[in-house]
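Note sheet for the following structure.
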Amino acid sequence: VDAVYVGGIHTVHASQAVMFLDAGKHVLVEKPIALNLAQVDAMTDAATRNDRFLMEAMWMRFNPAHIEMMKRIADGAIGEVRRVQADFSFALPYSDDHRLWDREKGGGALLDLGIYPLNLAMWVLGPPARVEVAGRVAHGVDDEVSLLCAWESGATATLTAGLSISGTLEGRIEGTNGAIDLPAPAHCTDHMTFRSAAGIEELEAEPAGLRHQVVEVHRCLRAGERESPGMPWAASRAIIEVCDAARAELGVHYDVD
């Protein structure tokens, strides 16, 4: 065995990843990479001391349509990005044995659903300078979360996630010269709409899938890389840092906090 994919529930990500890294295995770990920042640091420390590869399985970052989107943004297709809007909310009936409603299993909307809108915004704009948080706590977990993020450039992002409300599941990136619409489900779409002064273009790409991130893991291992430039440790850490602060504001705490 050369590499292990840790795909269990949130609460086992850190412990299992460290266990496999210490056993000399490369690790791909399901999102969220961990429950909190301390766990992320423990995981990257384990990868460093064992000289092993570690990556968060944020499949959005490796899906073909999203890769093309980022290339076009970098090329200035929509000008300077000024605003991001994204949602991942669906109505999930309460059940005391469902992991998303169970705090002891790392439940809540933010880490499981909201991490996708947050990843989109931070992928495009980097870590925000300020984050305002609002939401609702039910059954001990964050049931509804709204994040208003701001950057020093003046750019903003409005990001929403929820377990008991039906949202759009869509995304939109607005720039000074155009916009990009990501239809539902935005985190794994294979088509997008580009709007600019040149007109409207419908992009169709290869279907999204988990296989794309596996291809990236293999590429990194062949190249001797210990982290992927597509989902570097710093990006995973920055996302969890925002999530930690948001949970603290809402009053949602896990036993490992």
Side-chain angles (χ1 to χ4, degrees), residues 3-62 88 99-100 103-131 133 141-142 145 147 149 159 161 187 210 213 216-217 220-221 225-257:
V4 176
Y5 167 53
V6 175
I9 62 174
H10 305 347
T11 50
V12 305
H13 290 181
S15 60
Q16 291 189 0
V18 170
M19 175 180 69
F20 288 121
L21 290 165
D22 283 342
K25 309 305 178 183
H26 304 291
V27 175
L28 173 68
V29 58
E30 185 53 52
K31 62 83 194 166
I33 189 170
L35 286 175
N36 62 20
L37 204 55
Q39 289 189 335
V40 176
D41 290 341
M43 295 162 76
T44 55
D45 286 348
T48 299
R49 70 171 175 266
N50 291 292
D51 190 27
R52 295 293 88 181
F53 175 85
L54 172 67
M55 187 181 89
E56 181 178 11
M58 185 67 72
W59 62 316
M60 175 192 285
R61 292 209 178 201
F62 304 99
F88 197 161
R99 66 178 181 85
L100 289 182
R103 187 189 64 82
E104 294 185 356
K105 293 180 179 178
L110 181 61
L111 287 184
D112 204 83
L113 308 179
I115 198 167
Y116 287 120
L118 185 58
N119 171 72
L120 178 64
M122 293 179 64
W123 192 13
V124 173
L125 292 166
R130 301 181 305 281
V131 180
V133 183
V141 301
D142 46 293
V145 181
L147 304 178
C149 306
L159 314 171
H187 71 288
L210 301 181
Q213 61 192 356
E216 172 64 3
V217 172
C220 290
L221 295 183
E225 299 175 5
R226 292 306 182 238
E227 56 181 302
S228 167
M231 190 63 199
W233 299 349
S236 295
R237 192 180 193 278
I239 289 171
I240 294 301
E241 187 171 23
V242 172
C243 291
D244 278 4
R247 287 194 299 106
E249 182 70 21
L250 293 171
V252 175
H253 304 284
Y254 300 125
D255 293 342
V256 297
D257 289 337

Closest non-hydrogen atom pair, [X] against [Y]:
X	Y	value
Val252	Val141	CG2-C, 4.1 Å
Ser236	Glu56	OG-OE1, 2.6 Å
Arg103	Tyr254	O-CD2, 3.5 Å
Asp244	Leu37	OD2-N, 2.9 Å
Ser15	Thr11	OG-O, 4.4 Å
Phe88	His187	CE1-CE1, 3.5 Å

Quick one: pull up [atom1] in [X] and [atom2] in [Y] and give me the separation to the nearest 0.5 Å.
X	Y	atom1	atom2	result
Arg49	Thr44	CZ	OG1	10.0 Å
Leu100	Lys105	CG	NZ	10.5 Å
Leu147	Leu110	CG	CG	6.0 Å
Ile33	Met43	CD1	CE	4.0 Å
His10	Leu111	NE2	CG	5.5 Å
Tyr5	Gln16	OH	CD	11.5 Å

Backbone N or O of [Y] within a donor-acceptor pair of the [X] side chain at under 3.5 Å?
X	Y	answer
Arg226	Asp51	yes
His13	Val29	no
His253	Ala248	no
Asp142	Ala109	yes
Asp257	Asn36	no

Contacts table for residues 228-235: side-chain donor-acceptor under 3.5 angstrom, sequence neighbours left out:
from   : atom 1 : to     : atom 2 : distance (Å)
Ser228 : OG     : Glu216 : OE2    : 2.6
Ser228 : OG     : Gly230 : N      : 3.0
Trp233 : NE1    : Leu54  : O      : 2.8

Checklist entry - Taking it one step at a time, do Leu250 and Arg247 satisfy side chain to side chain contact (heavy atoms under 4.5 Å, CB included)? => result CA-CA 5 Å; Leu250 293 171; Arg247 287 194 299 106; 5.8 Å; no
Donor-acceptor pairs are to be reported for all side-chain atoms of residues 114-129 against protein atoms at under 3.5 Å, with residues two or more places apart or in another chain.
from   : atom 1 : to    : atom 2 : distance (Å)
Tyr116 : OH     : Trp59 : NE1    : 3.0
Asn119 : OD1    : Arg61 : NE     : 2.8
Asn119 : OD1    : Arg61 : NH2    : 3.1

Next on the checklist: Could you check whether atom CD of Glu104 has more than 12 heavy atoms from other residues, nucleotides or ligands sitting under 6.0 Å from it?
Outcome noted: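 Result for CD/Glu104: open.
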Item to check | Candidate pair Met60 and Lys31, rule side chain to side chain contact (heavy atoms under 4.5 Å, CB included), full reasoning | outcome: CA-CA 11 Å; Met60 175 192 285; Lys31 62 83 194 166; over 6 Å; no
Checklist entry - Step by step, would you call Ile240 with Gln39 a side chain to side chain contact (heavy atoms under 4.5 Å, CB included)? => result CA-CA 10 Å; Ile240 294 301; Gln39 289 189 335; over 6 Å; no
Checklist entry - So, are Asp22 and Arg52 salt-bridged, with charged N and O less than 4.0 Å apart? => result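 Here Asp22 does not pair with Arg52 in a salt bridge, since their nearest N and O are not under 4.0 Å apart.
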